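Right, one structure below, let's go through it.
All residue numbers refer to positions in the sequence shown, counting from 1. Ligands are counted one by one from 1 in listed order, and the atoms in each one are counted from 1 as well. All values derive from a computational prediction rather than experimental measurement. The figures that follow rest on heavy atoms only: side chains count, while hydrogens, waters and symmetry mates do not.
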Amino acid sequence: MIILGIETSCDETSVAFLQAKQKQDKVEFEVLSNTISSQVEFHAKFGGVVPSLAARKHSENIDKVFQLAFKQAGIKKKPDLIAVTKGPGLAPALLVGVNFAKALAYFLNKPLVGVNHLEGHILSNWLKPIGKNSQFSIPNSQSFPAVVLLISGGHTELVLMKGFGKYCLLGQTLDDAAGECFDKVARLLGLGYPGGPAIDKLAKLGNPRAFNFPSPLIHSKNYNFSFSGLKTAMLYFLKDNRFDFSNRKINRKTKKIQQDITASFQEAVTKVLIKKTLKAAEEFKAKQIFVCGGVAANTYLKASFLEKSEKVPVKFPEKDYITDNAAMIAAAGFFHPQPAKNPLELEVEANLRLG
Ligand code: KG4
Ligand code: ZN
């Protein structure tokens, strides 16, 4: 079957076509196209995503992105299923994708499923680059139970995955998400938006042990996280030391300090994420750890995870599917229990299906 995926939850307008073949319990996914139009540069001048403007940009772009994805997929037939992100995300932005999907489903007379964005991130781990197949079995007994660390701009969650569509929330952030913390700290350091990639790049030249920033809740007995304290600690650290990186022309010595701060900040975030994930993997006898969501793109986090997880294999998604994309939404659509009876009744909502 061909699945059309549509994603507009934040600042990427994305449309993808995924071919999914199933023979008994064997599944084969092939991404035929995964077109993404990013609004990152547009929102950078505001220091973050402006929801109403994001929705306007999605409306302007979605038909062009759809046409490009359709052309690139090289298919002659209609999709068999349409999967669209129904939440969580920015409500005005989500509505653009959902309404576009509803209209397509209605006129093509094809079933429509509303997919949870976070489930999409989880499924990104089963996708291969365009032109390559990923093959797996539905029981996937070599992977499950698995522990999933989901770290995006809006969410930080530890999930026990017992199978496709079977998720149990072990813990989550009590305040800011890890990605949000990267973005806010980057702003304090004069690095602009989005903060994650900028910190990642600068930190490669810094010393992760130069400064000691807090890793909140690292010793707590549960699987929850908290990152707002780290952001506040950074604010006072910069104030107390009179570090000001807002000036564009910073000298070599100041640059070195900035590099050391970003590297030490990453160490503080990475330490707590890895410690809790490995603890969960041990407690639940996980056969695999999956890391996903935009922060999974962080090179220091990935290297540290691969080094520290000696007992359980750790998997990160392929580069093209780490940040928001529609291929992962199409993949999650494949596992959706059933389409809406009337596609026009699909509503925007936010909860991950647990069970
Ligand atoms: O999953 P995602 O693309 O969108 C949401 O669902 O939120 O995640 C976006 C987040 C942003 O906070 C961004 O700063 C962060 O992912 N991010 C990174 C990196 N690339 C993106 N954080 C750390 N290091 C990176 N290389
Ligand atoms: Zn996302």
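For Phe265 and Phe211, the ring centers sit 6.0 Å or farther from each other. The aromatic ring centroids of Phe316 and Phe290 lie 6.0 Å or more from each other. Aromatic rings of Phe334 and Phe29 (six-membered ring for Trp) have centroids within the 6.0 Å cut-off, being under it.
Residues Asp11 and Tyr193 have side chains that bring a donor and an acceptor to within less than 3.5 angstrom of each other. Side chains of Lys275 and Ser215: a donor-acceptor N/O pair is absent below 3.5 angstrom, by distance only. A donor and an acceptor atom, one from each side chain of Asn325 and Glu7, are nowhere located under 3.5 Å apart.
Under 4.0 angstrom from ligand 1, there are no non-hydrogen atoms of His155.
Taking all heavy atoms of Asn325, Asp324, Thr299 into account, the minimum distance to atom 2 (P) of ligand 1 is reached by Asp324. Counting heavy atoms only, Gly196 comes closest to atom 18 (C) of ligand 1 of the residues Gly196, Ser124, Ala296, Ala198. In the candidate list Gly179, Ala297, Gly294, Cys10, Gly294 is nearest to atom 17 (N) of ligand 1, counting heavy atoms.
Among all protein heavy atoms, the one lying closest to atom 6 (O) of ligand 1 is His117 NE2, 3.1 Å. Summary of contacts: the protein heavy atom closest to atom 12 (O) of ligand 1 is Asp183 OD2, 2.8 Å. Among protein heavy atoms, atom 24 (N) of ligand 1 sits closest to Asn298 ND2, 3.1 Å. Protein heavy atom closest to atom 10 (C) of ligand 1, with residue, atom name and distance, is Gly153 N, 3.6 Å. Looking only at heavy atoms of the protein, atom 26 (N) of ligand 1 is closest to Asp200 OD2, 2.9 Å.
Partner of Ser226 under the side-chain contact (heavy atoms from CB on, under 4.5 Å) criterion, out of Ile218, Thr156, Leu217, Val272: Leu217 alone.
Residue Phe182 has at least one heavy-atom neighbour below 4.0 Å for each of these atoms of ligand 1: 23 (C). Numbered from 1 in the order shown, with element, the atoms of ligand 1 that lie under 4.0 Å from a heavy atom of Thr323 read 3 (O). Short contacts between ligand 1 and His121, defined as distances under 4.0 Å to a heavy atom of the residue, involve ligand atoms 1 (O), 6 (O). Annotation for ligand 1: atoms under 4.0 Å from non-hydrogen atoms of Gly154 are 7 (O).
For the pair Lys279 and Tyr223, the cation-pi criterion (under 6.0 Å, within 45° of the ring axis) is fulfilled. A cation-pi arrangement is not found for Lys26 relative to Phe136, the charged atom failing to lie both closer than 6.0 Å to the ring centre and inside a 45° cone about the ring normal.
Around the Zn ion (ligand 2), the two atoms NE2 of His117 and NE2 of His121 are separated by an angle of 100°, to 10 degrees.
For Asp324, the N, O or S atom with the smallest separation from the Zn ion (ligand 2) is OD1.
Considering all non-hydrogen atoms of both residues, Ala332 and Val115 come closest at CB-CG1, 3.5 Å.
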